[in-house]
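Written out below as structure tokens is the structure these notes cover.
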Number of protein chains: 2
Amino acid sequence: MCADLCCDEKCVHEDIVHKVEHHLPNDETLYDLAELFKVFGDSTRIKILYALFESEMCVCDIAELLNLTQSAISHQLRVLKSAKLVKARRSGKTVFYSLADEHVRLIINQGMEHILE
Amino acid sequence: MCADLCCDEKCVHEDIVHKVEHHLPNDETLYDLAELFKVFGDSTRIKILYALFESEMCVCDIAELLNLTQSAISHQLRVLKSAKLVKARRSGKTVFYSLADEHVRLIINQGMEHILE
DNA sequence: CTTTCATATGAACAAGTGTTCATATGTTTA
DNA sequence: TAAACATATGAACACTTGTTCATATGAAAG
């Protein structure tokens with residue numbers, strides 16, 4: 001292991017460690033942030049979000065579009081909803097889902113830019 | 001399951017499904033995008049990235065900062081590096097890691113905005 | 001009320017992930 | 001060359017996650 005002084009002139013250590021410690025958001029916030037990105041970290045959910053970029057859609061249509069069971073989509077929409085990435089609107093038996101806000105689009109576009117460069 | 005026509009006046013279906021189908025990026029791209037977000041979806045990695053916001057750091061310092069083994073950090077840095085989120089610079093025995101580009105900061109800040117609202 | 005249909009939920013299982021331990025690689029100094 | 005040290009890597013393990021199947025809930029139509 002590193003013994004407090006593992007380098008020569010370029011040494012940062014102690015100082016940096018303490019400086020960074022003070023600038024780190026608290027653990028709970030960082031945990032929540034990771035949880036948010038975890039939601040984006042599944043291709044089914046990404047596809048659902050991309051689909052909702054175009055228009056609100058009901059569960060069965062998304063299922064048909066992505067060739068997955070209605071149950072799978074419903075489970076995933078639940079995840080997206082509790083992360084406040086989508087919202088639901090009921091119309092009779094049907095429930096229409098749509099993007100909760102524009103953050104979703106921004107985050108995804110930023111990610112897309114990264115992988116396309 | 002949904003039988004092609006599950007609603008009344010508000011019906012979208014077929015039309016929307018086909019329209020959205022054409023606008024969806026291809027499967028591989030969507031998969032890669034999900035893989036990218038998966039990398040952000042772990043609080044250890046988020047903490048590492050946040051630490052690197054302040055300054056480049058070597059492996060053992062990050063390990064000390066986050067109270068994790070050097071091995072754990074090294075494994076995670078490998079993940080971050082293959083996603084091109086961080087880059088490495090060797091100086092003697094020590095390897096300093098830093099953010100690969102400004103996308104990282106943008107994506108994380110966007111995520112942070114979402115959870116803080 | 002009963003049936004039908006869209007959606008939600010719970011259990012179960014396979015597949016994936018993050019950490020630790022042990023050890024290898026590579027660099028510097030004695 | 002040998003010892004010391006920072007980092008990397010592989011195997012193993014517990015833990016998490018996404019899907020399916022079966023079934024429950026809730027709304028509209030007969």
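Within every chain, numbering begins at 1; the chains are lettered A, B, ... in the order of the sequence lines, protein sequences first and strands thereafter. Note that the structure is predicted; figures quoted are calculated from it, not measured.
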(request) To the nearest Å, give me how far apart CG (B:Asp61) and P (D:dC5) are. (result) 16 Å

(message) Quick check on C:dT9: is either OP1 or OP2 less than 4.0 Å from any side-chain nitrogen or oxygen of A:Arg78?
(response) yes

(request) Output yes when at least one side-chain N/O atom of A:Tyr97 is less than 4.0 Å from OP1 or OP2 of C:dA6, else no. (result) no

(request) Would you kindly check whether a donor in the side chain of A:Gln70 faces an acceptor in the base of C:dA8, or vice versa, at under 3.5 angstrom? (result) yes

(request) Taking only the side-chain heavy atoms of B:Lys93 (C-beta and beyond), determine which of D:dA8, C:dG26, C:dA6 contains the nearest atom. (result) C:dG26

(request) Calculate the interatomic distance between A:Glu64 atom CD and C:dC5 atom P; express it in whole Å. (result) 16 Å

(request) If a pair satisfies salt bridge (Lys or Arg N to Asp or Glu O under 4.0 Å) and one of its residues is in residues 40-53 of chain B, list it, with sequence neighbours excluded. (result) A:Asp27-B:Lys47

(message) From the set D:dA27, D:dT7, C:dT7, return the single nucleotide nearest to any side-chain atom of A:Val95.
(response) C:dT7

(request) Taking side chain to side chain contact (heavy atoms under 4.5 Å, CB included) as the test, write out the residues that go with B:Ile115, two or more places apart. (result) A:Thr29, A:Asp32, A:Leu33, A:Leu36, B:Met112

(message) What is the separation between atom CD1 on A:Ile73 and atom P on C:dT7, rounded to the nearest whole Å?
(response) 11 Å

(request) Can you tell me the distance, in whole Å, between the CG atom of B:Leu80 and the C1' atom of D:dA8? (result) 15 Å

(request) Could you tell me the separation between the CD atom of B:Glu56 and the P atom of D:dA6, rounded to a whole number of Å? (result) 17 Å

Heteroatom pairs (N/O) under 3.5 angstrom, protein to nucleotides 16-19 of chain C:
{"from": "C:dG18", "atom 1": "OP1", "to": "B:Arg45", "atom 2": "NH1", "distance (Å)": "3.1"}
{"from": "C:dG18", "atom 1": "OP1", "to": "B:Arg45", "atom 2": "NH2", "distance (Å)": "2.7"}
{"from": "C:dG18", "atom 1": "OP2", "to": "B:Arg45", "atom 2": "NH1", "distance (Å)": "3.3"}
{"from": "C:dT19", "atom 1": "OP1", "to": "B:Thr44", "atom 2": "OG1", "distance (Å)": "2.6"}
{"from": "C:dT19", "atom 1": "OP2", "to": "B:Gln76", "atom 2": "NE2", "distance (Å)": "2.4"}

(request) Determine which pairs satisfy side chain to side chain donor-acceptor pair (under 3.5 Å) with at least one residue from residues 105-114 of chain B, sequence neighbours left out, and list them in order. (result) A:His103-B:Glu113, B:Glu102-B:Arg105

(request) Taking all heavy atoms of A:Val17 and all of B:Met57, pick out the closest pair and write down the distance. (result) CG2-CE, 4.2 Å

(request) Using only heavy-atom distances, decide whether a donor-acceptor pair under 3.5 angstrom links the side-chain of A:Thr94 to the base of C:dC5. (result) no

(message) Does anything in residues 41-73 of chain B form a ring pair (Phe, Tyr, Trp, His ring centres under 6.0 Å)? List the pairs, not counting sequence neighbours.
(response) B:Tyr50-B:Phe53

(request) On DNA chain D, check which nucleotide each of A:Arg90 and A:Ser71 is closest to and give me the residue with the more 5' one. (result) A:Ser71

(request) Quick one: closest heavy-atom pair of B:Ser43 and A:Ala34, and the distance? (result) N-CB, 3.4 Å

(request) Check the distance between D:dA27's P and A:Arg89's CZ and give it to me in whole angstrom. (result) 16 Å

(message) Holding to ring pair (Phe, Tyr, Trp, His ring centres under 6.0 Å), I want the full list of residues that pass it with B:Phe37, two or more places apart in sequence or in another chain.
(response) A:Phe40

